[in-house]
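All ligand and atom numbering here is 1-based and tracks the order in the structure. Nothing fancy with the numbering, it's 1 onward along the sequence.
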Amino acid sequence: MAALDPNKEIPQHIAIIMDGNGRWAAARNLPRRDGHRAGAASVEECLMVCGELGVRYLTLYAFSSENWKRPEAEVTALMALLAHFLKEKTPSLMKNNIRLQVIGQLTKLPERNQKQLRDTTEKTKNNDGLTLVVALSYGSREEIVDAARQLMEEARAGAIDPDDLDAETFSRYLYTAALPDPDLLIRTSGECRVSNFLLWQISYAEIVITETLWPDFRREHLVAAIAEYQCRHRRFGGL
Ligand code: IPE
Ligand code: IPE
Ligand code: MG
């Protein structure tokens, strides 16, 4: 198992594109939904490891704005899984001092999910350990367009001068306004693309792609990704 270097920093913010649930299920002749269900154990393990290592933010891509194109039965199963996960795990979020936040176009989710997400966010808001950010009905282009729309409205109302707009101000209009940018972006299942995830925020993230399918992703895979991060030399355009 890869070892972490105690003299090097742990990423403050890790973002994960949790991919490969369908292929995991297909390899076992199971319905895709069983792959999604199996992925919940990987989420739990990542929460535990991030908590232990002192990672401050973990952002998980759980459902994209494009995933609405999937068959209705799969979408329904994913929403049911989300509801089940929150119901089961809220006590452990409290016990482990984890704060839940959600990003995405949440009003597109079924009302039952929206309410539960609001309740859990409210219940965990004073926890000051790890912040778990779940991206749901999330698309980075939609997020950027929403920010632009809000800025245009404020400009039209005379509340903001277009000449004052800079990247720092713009980022405060994104769903992630209160979050630092990810340091490390992990994608499972070997796909080498970002699929409309945090396009703005990952400008300088270190990217690690692993062949491991999400339901198989365990402590050793996360530690290996962090160990790889520790070997990178981040320059941010400087020397
Ligand atoms: C990721 O697994 C979960 C979601 C996108 C909701 P997939 O369902 O995309 O699994 P593959 O890519 O088909 O294997
Ligand atoms: C990205 O995975 C979205 C999530 C993991 C939630 P997809 O499986 O939807 O992405 P593509 O279609 O392979 O790009
Ligand atoms: Mg996929």
Side-chain angles (χ1 to χ4, degrees), residues 13-47 50 57-86 88-89 100-110 112-114 116-117 132-146 174-176 179 182 184-202 205-218 221-222 225:
H13 184 172
I14 299 178
I16 308 183
I17 302 176
M18 309 183 289
D19 199 14
N21 298 352
R23 279 161 282 169
W24 184 93
R28 289 161 180 76
N29 274 319
L30 295 169
R32 293 178 56 85
R33 149 182 106 240
D34 288 6
H36 299 312
R37 192 177 296 145
S42 309
V43 171
E44 253 194 291
E45 188 146 329
C46 286
L47 284 172
C50 285
Y57 300 87
L58 174 67
T59 298
L60 300 178
Y61 202 7
F63 193 87
S64 74
S65 46
E66 286 76 24
N67 288 150
W68 291 114
K69 291 189 288 202
R70 295 194 179 190
E72 201 185 318
E74 181 166 346
V75 171
T76 304
L78 282 163
M79 295 303 150
L81 250 165
L82 170 67
H84 180 75
F85 184 86
L86 282 179
E88 289 273 295
K89 302 300 169 200
L100 176 76
Q101 293 195 350
V102 210
I103 54 171
Q105 294 186 328
L106 303 179
T107 55
K108 293 188 176 164
L109 299 177
R112 164 175 127 92
N113 293 97
Q114 289 185 47
Q116 192 188 27
L117 288 163
L132 167 64
V133 184
V134 183
L136 286 163
S137 190
Y138 175 89
S140 194
R141 289 182 167 180
E142 289 75 0
E143 175 185 39
I144 291 169
V145 170
D146 281 346
L174 297 170
Y175 308 151
T176 52
L179 308 169
L184 169 62
L185 172 69
I186 301 171
R187 183 165 188 155
T188 58
S189 86
E191 303 292 359
C192 301
R193 53 178 174 265
V194 287
S195 303
N196 204 12
F197 189 45
L198 302 176
L199 301 179
W200 172 284
Q201 297 87 342
I202 59 168
E206 294 298 326
I207 301 176
V208 171
I209 292 170
T210 164
E211 292 297 323
T212 307
L213 304 175
W214 179 249
D216 291 326
F217 195 82
R218 287 290 171 274
H221 305 105
L222 181 55

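Classified by interplanar angle (parallel below 30°, tilted 30° to 60°, perpendicular above 60°), the ring pair Y138/F197 is perpendicular.
Under the side chain to side chain donor-acceptor pair (under 3.5 Å) criterion, Q101 pairs with no residue at all, not counting sequence neighbours.
Counting only heavy atoms of the protein, atom 10 (O) of ligand 1 lies nearest to G22 N, 2.9 Å. For atom 2 (O) of ligand 2, the nearest non-hydrogen atom of the protein is R187 NH2, 3.6 Å. Counting only heavy atoms of the protein, atom 14 (O) of ligand 2 lies nearest to S195 OG, 2.6 Å.
The N/O atoms of F63, backbone and side chain alike, include none that comes under 3.5 Å of an N/O atom in ligand 1.
Looking at M18 against ligand 1, only its backbone comes within 4.0 Å, counting heavy atoms. Contacts with ligand 1 closer than 4.0 Å are made by no heavy atom of A26, backbone or side chain. Contact annotation for A62 and ligand 2: only backbone heavy atoms (N, CA, C, O) come within less than 4.0 Å of the ligand. Contact annotation for R23 and ligand 2: no heavy atom of the residue comes within less than 4.0 Å of the ligand. By the criterion of a heavy-atom distance under 4.0 Å, the side chain of N67, and not its backbone, is placed next to ligand 1.
Close approach to R32 involves these atoms of ligand 1, each under 4.0 Å from a residue heavy atom: 7 (P), 8 (O), 10 (O), 13 (O). Interface of R193 with ligand 2, defined as ligand atoms under 4.0 Å from a residue heavy atom, comprises 11 (P), 13 (O), 14 (O). Of all atoms in ligand 2, listed by their number and element, those nearer than 4.0 Å to a heavy atom of D19 are 2 (O), 8 (O). Within ligand 2, the atoms closer than 4.0 Å to a non-hydrogen atom of R70 are 7 (P), 8 (O), 9 (O), numbered from 1 in the order shown.
A cation-pi geometry, defined here as NZ or CZ lying under 6.0 Å from the six-membered ring centre and within 45° of its normal, does not hold between R70 and W68.
Distance remark: protein heavy atom not present below 4.0 angstrom from atom 12 (O) of ligand 2.
S137 places no side-chain N or O within 3.5 Å of a backbone atom of G104 that could act as its donor or acceptor partner. With hydrogens and angles disregarded, a donor-acceptor distance shorter than 3.5 Å links the side chain of R23 to the backbone of S189. With hydrogens and angles ignored, the 3.5 Å screen pairs no side-chain donor or acceptor of D146 with any backbone N or O of E143. Not a single donor-acceptor pair under 3.5 Å links the side chain of T176 to the backbone N or O of L179. For N196 (side chain) and S140 (main-chain N/O), a donor-acceptor pair under 3.5 Å exists by modelled atom type.
Of the candidates N21, L78, L136, I17, N21 brings a heavy atom nearest to atom 3 (C) of ligand 1.
Under 4.0 Å is where a charged nitrogen must lie from a carboxylate oxygen, and between R33 and E74 no such pair does.
In this structure, E45 and F217 have side chains that are not in contact, with every pair of non-hydrogen atoms separated by 4.5 Å or more. Residues V43 and W214 meet the side-chain proximity criterion, which asks for heavy atoms closer than 4.5 Å.
No more than 12 heavy atoms of other residues, nucleotides or ligands lie within 6.0 Å of CZ in R112, so this atom counts as exposed by the packing criterion.
Counting only protein N, O or S atoms closer than 2.8 Å to the Mg ion (ligand 3) gives 1.
Shortest non-hydrogen contact noted between Q114 and T107 is NE2-O, 3.2 Å.
Remark: the R187 side chain and the S195 side chain contain an N/O donor-acceptor pair separated by less than 3.5 Å.
Using a non-hydrogen distance threshold of 4.0 Å, S189 does not register as a contact of ligand 1.
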